[in-house]
Undergrad: 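This is the structure I have questions about; it appears just below.
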Number of protein chains: 2
Amino acid sequence: MASDERRVQILHVAMKLFAEHGFRGTTTKESAVAAGVSEAMVFRHFANKDELYHAIIDHKACNHAEMKTPLEKLTELAAAKDDYALFYGLALNALNHHRDDPNFMRLLLYAALEGHELAQMFFENFVVEIYSFLGAYIEERQREGVFRQMEPKIIVRSFIGMVMHHSLNNTLWDKEQNLLQVTNEDAARQFAEILLNGVLTKNQ
Amino acid sequence: MASDERRVQILHVAMKLFAEHGFRGTTTKESAVAAGVSEAMVFRHFANKDELYHAIIDHKACNHAEMKTPLEKLTELAAAKDDYALFYGLALNALNHHRDDPNFMRLLLYAALEGHELAQMFFENFVVEIYSFLGAYIEERQREGVFRQMEPKIIVRSFIGMVMHHSLNNTLWDKEQNLLQVTNEDAARQFAEILLNGVLTKNQ
DNA sequence: GTCTATAAATAGATAGAC
DNA sequence: GTCTATCTATTTATAGAC
């Protein structure tokens, strides 16, 4: 197999294992075996275990850049003041992304717990940005008297909380437990409805 | 130091380390040093590392039993049909608990990711129970026409999501990031307000 | 009850042949 | 590009002295 090809293959295999068992819980030997090569091959393509982890981070950081594209569409919805479409779209986009790439959430959780950079990077590049974007929109809608007066950031946290916690449950538990089976469309719709009814002024 | 006393001391020290670095990320040597004893002492009180982890689980399972006591008070609020007091009390109780014992949430997250029993135990004993309790209450309020008609479990998930995600942020990120500083009382109040406004029928 | 010393197993990483 | 063999450090766990 060509060098680049092999490198990417090991990267993907290792990413899966790191997502399942964490950085400390995955051995280079396991990664090698899962990729169908010897351990020496891992160290030929990556100087050490840390570099392998960083390569995974970079790879995921790229994926994350792709995630931002739909955010631009959300900006249009915000400009059009379409509250429901904005919150629904935000939720559905996140839920679908988490379902299609469950490894990302697990990697991120491990990174946050283990104090790796991926968590910090995600926070600075994505969480801060979405709080800023949604917070500004909410403030605007409050000035217009459409949303009730309350700390904008707590509204953001409430909504992100619904969505993220739902994905977290799907990723960590619900697979087996079957506590709440619902399509992403239904979940996004109901989260958006609850939040908007919760923050709209009574006379809307 | 007396045997029992020493055992508990090592247990507490290890629990802190396991919460910080996870099961695989904590060595018996580290636990011993942190407890101010030799590694041999750890294995005198606990047959092996697994047993040490299980002892921590049991200890936390007891703490969790204490958590249930306030739940009984919530049952009274439910009987009185005091929606706001019920949701506010539920949120404040959880937020305070998470703040006072951040190790619990970290242990639980590690356990869920690493697939240990603590996660399963917590889910079956606590999550299922609260979904059942709140779900039943919501159904009742829907029959009375006070809450809007929608899947009760999605309402539960929305509210638990707000609360848990807020605690998760406080535990994993906000300490340094300062994204949203708010007292638990304020957070609980606003979460309850958003949810109730979100699910109450318009003519309330 | 506590320690030092040490065994046994595993993990990360390298050397050198093919 | 790939492997086997090997080295070193770490980790879990035990033995035996005090």
Undergrad: Measure across A:His59 and A:Met15 and return the closest heavy-atom pair with its distance rounded to 0.1 Å.
TA: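 What the structure gives for the nearest pair is ND1-CE, 3.7 Å.
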Undergrad: Find the distance B:Glu51:CD to D:dA13:P and express it as a whole number of Å.
TA: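 So the CD-P distance, B:Glu51 to D:dA13, works out to 10 Å.
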Undergrad: When you measure from the side chain of B:Glu39 to the backbone N and O of B:Ala32, does any donor-acceptor pair fall under 3.5 Å?
TA: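 Not at all, since once roles are kept as given, no pair shorter than 3.5 Å links the two residues.
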Undergrad: Which part of the nucleic acid does A:Ser31 contact within heavy-atom distance under 4.0 Å: base, sugar-phosphate only, or nothing?
TA: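 Result for A:Ser31 = nothing.
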Undergrad: Can you check the B:Tyr53 OH to D:dA13 C1' distance for me, whole Å?
TA: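 Atom-to-atom, B:Tyr53 to D:dA13, this comes out as 21 Å.
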Undergrad: Do you know which two heavy atoms are closest between A:Gln142 and A:Met150, and how far apart they sit?
TA: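 Minimum heavy-atom separation between A:Gln142 and A:Met150: NE2-O, 2.8 Å.
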Undergrad: With a 4.0 Å heavy-atom cut-off, tell me which residues in residues 2-18 of chain B come close to DNA chain C, sorted by residue number.
TA: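 Output list: B:Ser3, B:Arg6.
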Undergrad: Answer with yes or no after comparing the ring centroid distance for B:His98 and B:His166 against a 6.0 Å cut-off, counting only values under it.
TA: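 Not under 6.0 Å, so no.
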Undergrad: Would the distance check show the side chain of A:Lys29 and the main-chain N or O of A:Ser38 forming a donor-acceptor pair, the cut-off being under 3.5 Å?
TA: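 Answer holds: no.
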Undergrad: D:dC3 P sits how many Å from A:Met1 CE, rounded?
TA: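 Taking CE of A:Met1 and P of D:dC3, I get 11 Å after rounding.
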Undergrad: Once you round it to whole Å, what is the distance between P of C:dT10 and NE2 of A:His21?
TA: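 Between P of C:dT10 and NE2 of A:His21: 17 Å.
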Undergrad: Would you list the protein and nucleotides 13-18 of chain C atom pairs, both N or O, that sit under 3.5 Å from each other?
TA:
from	atom 1	to	atom 2	distance (Å)
C:dA13	OP2	A:Lys49	N	2.9

Undergrad: Compute the centroid of each ring, for B:Phe122 and then for B:Phe104, and state whether the two points are separated by less than 6.0 Å.
TA: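 Yes; B:Phe104 has its ring centre under 6.0 Å from that of B:Phe122.
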Undergrad: When we call it a touch if two heavy atoms are under 4.0 Å apart, what does B:Val42 touch: a base, just sugar-phosphate, or nothing?
TA: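 The residue B:Val42 makes no contact with any strand.
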Undergrad: Provide, to the nearest angstrom, the distance between the CZ atom belonging to A:Phe46 and the P atom belonging to C:dG12.
TA: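 Rounding to the nearest Å, CZ of A:Phe46 and P of C:dG12 are 15 Å apart.
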Undergrad: Report yes or no: does A:Arg7 contribute a side-chain atom to a donor-acceptor pair with the main-chain N or O of A:His45 at less than 3.5 Å?
TA: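 Yes.
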Undergrad: Looking at B:Glu140 and B:Arg143, is there a salt bridge between them, counting it only when a charged N and a carboxylate O are closer than 4.0 Å?
TA: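 B:Glu140 and B:Arg143: not salt-bridged.
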Undergrad: Please report whether the ring centroid of A:Phe87 lies less than 6.0 Å from that of A:Phe159.
TA: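 So the answer is yes for these two rings.
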Undergrad: If you only use heavy atoms from C-beta on, which nucleotide in D:dG1, D:dC3, C:dG1 is closest to the side chain of B:Arg44?
TA: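 Nearest to the side-chain atoms of B:Arg44, counting from C-beta on, is C:dG1.
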Undergrad: Answer yes or no: is there a donor N or O on one side and an acceptor on the other, between the side chain of B:Thr26 and the main chain of B:Gly22, under 3.5 Å?
TA: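 Yes, because the side chain of B:Thr26 sits within donor-acceptor range (under 3.5 Å) of the backbone of B:Gly22.
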Undergrad: Round to the nearest Å and state the distance from B:Met41 atom CE to C:dC3 atom P.
TA: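 Whole-Å distance recorded here is 6 Å.
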Undergrad: How bent is the helix from C:dG1-D:dC18 to C:dC18-D:dG1, comparing axes over its five end pairs at each side, to the nearest 10°?
TA: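 The end-segment axes of the helix from C:dG1-D:dC18 to C:dC18-D:dG1 are tilted 0° relative to each other.
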Undergrad: Between B:Asp186 (side chain) and B:Val182 (backbone), is there a donor-acceptor pair under 3.5 Å?
TA: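 Side chain of B:Asp186 to backbone of B:Val182: no pair is present.
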Undergrad: Base, sugar-phosphate, or nothing: which does B:Thr27 touch, judged by heavy atoms less than 4.0 Å apart?
TA: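 Sugar-phosphate: the residue B:Thr27, judged by heavy atoms under 4.0 Å, touches backbone atoms but no base.
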